[in-house]
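What follows is a single structure, written as structure tokens, with notes after it.
Numbers here are sequence positions counted from 1. All heavy atoms count here, side chains included; hydrogens, waters and symmetry mates do not.
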Amino acid sequence: MQLRRTLEAAAGVFDSGSDDGRPRPLVKLVERLIDEGLVTRPFGDVLHHIRQVGNVGAHATDERLDAATVERALAFTTQVLRNLFEIPFELEAIDEAEDPEPD
């Protein structure tokens with residue numbers, strides 16, 4: 001469930017909320033990340049997987065998650081965070097290093 005919350009918070013950084021001021025459901029946040037090109041459509045499947053794994057933890061059911069599924073969701077979440085927050089700054093640093101401002 002914490003991975004889902006992490007994804008929700010990360011996606012929320014790129015969203016101003018719904019028209020009525022309430023936060024959007026995670027599925028809508030994921031769709032918006034895809035629509036805005038912040039993640040690719042195939043990577044959107046990863047986001048939906050994390051969301052679905054989180055749903056199992058958030059709701060009282062008999063469904064159980066095995067360690068491999070949870071570890072995979074953690075790895076995917078790490079990649080999402082890296083793609084949304086770290087890589088853009090790394091690319092910016094490369095651009096600045098390759099094209100320094102003239103004196």
Side-chain angles (χ1 to χ4, degrees):
M1 191 163 98
Q2 293 301 329
L3 297 177
R4 178 188 164 88
R5 287 183 180 177
T6 299
L7 178 58
E8 206 166 41
V13 168
F14 299 95
D15 185 67
S16 59
S18 61
D19 293 334
D20 62 5
R22 293 186 303 172
R24 294 182 206 276
L26 182 55
V27 68
K28 295 294 183 192
L29 291 171
V30 169
E31 289 169 1
R32 188 166 185 139
L33 289 174
I34 294 167
D35 291 344
E36 292 183 9
L38 293 165
V39 297
T40 62
R41 185 145 309 277
F43 206 74
D45 293 341
V46 169
L47 301 178
H48 285 297
H49 173 74
I50 296 166
R51 183 181 61 78
Q52 291 168 338
V53 167
N55 283 346
V56 172
H59 303 290
T61 68
D62 292 338
E63 189 174 357
R64 298 285 180 234
L65 297 170
D66 60 23
T69 300
V70 174
E71 288 175 16
R72 190 174 321 115
L74 174 59
F76 286 156
T77 302
T78 301
Q79 288 301 314
V80 169
L81 296 176
R82 181 155 166 65
N83 286 323
L84 289 175
F85 298 106
E86 292 179 13
I87 291 175
F89 290 107
E90 291 172 7
L91 291 173
E92 187 176 306
I94 290 170
D95 287 344
E96 289 173 2
E98 290 176 352
D99 190 25
E101 291 185 30
D103 292 348

Shortest non-hydrogen contact between F43 and N83, atoms and distance: CZ-ND2, 3.6 Å
Run the salt bridge (charged side-chain N to carboxylate O under 4.0 Å, His left out) test against D35 and tell me which residues pass, sequence neighbours left out. R41
Solution key, residues 75-82 side-chain donor-acceptor pairs under 3.5 Å, sequence neighbours excluded:
residue, atom, partner, partner atom, Å
T77, OG1, A73, O, 2.8
T78, OG1, L74, O, 2.9
R82, NH1, E86, OE1, 2.8
R82, NH1, E90, OE2, 2.9
R82, NH2, E90, OE1, 3.2

With salt bridge (Lys or Arg N to Asp or Glu O under 4.0 Å) as the rule and sequence neighbours excluded, what pairs involving residues 45-54 come up? none
Rounded to the nearest 0.5 Å, what separation is found between the OG1 atom of T6 and the CD atom of E8? 9.5 Å
When clusters are formed by joining ILVMFWY residues with side-chain heavy atoms under 4.5 Å apart, either directly or through shared neighbours, do [X] and [Y] land in the same one?
X	Y	answer
V30	F85	yes
I50	V27	no
L7	V13	yes
I87	L84	no

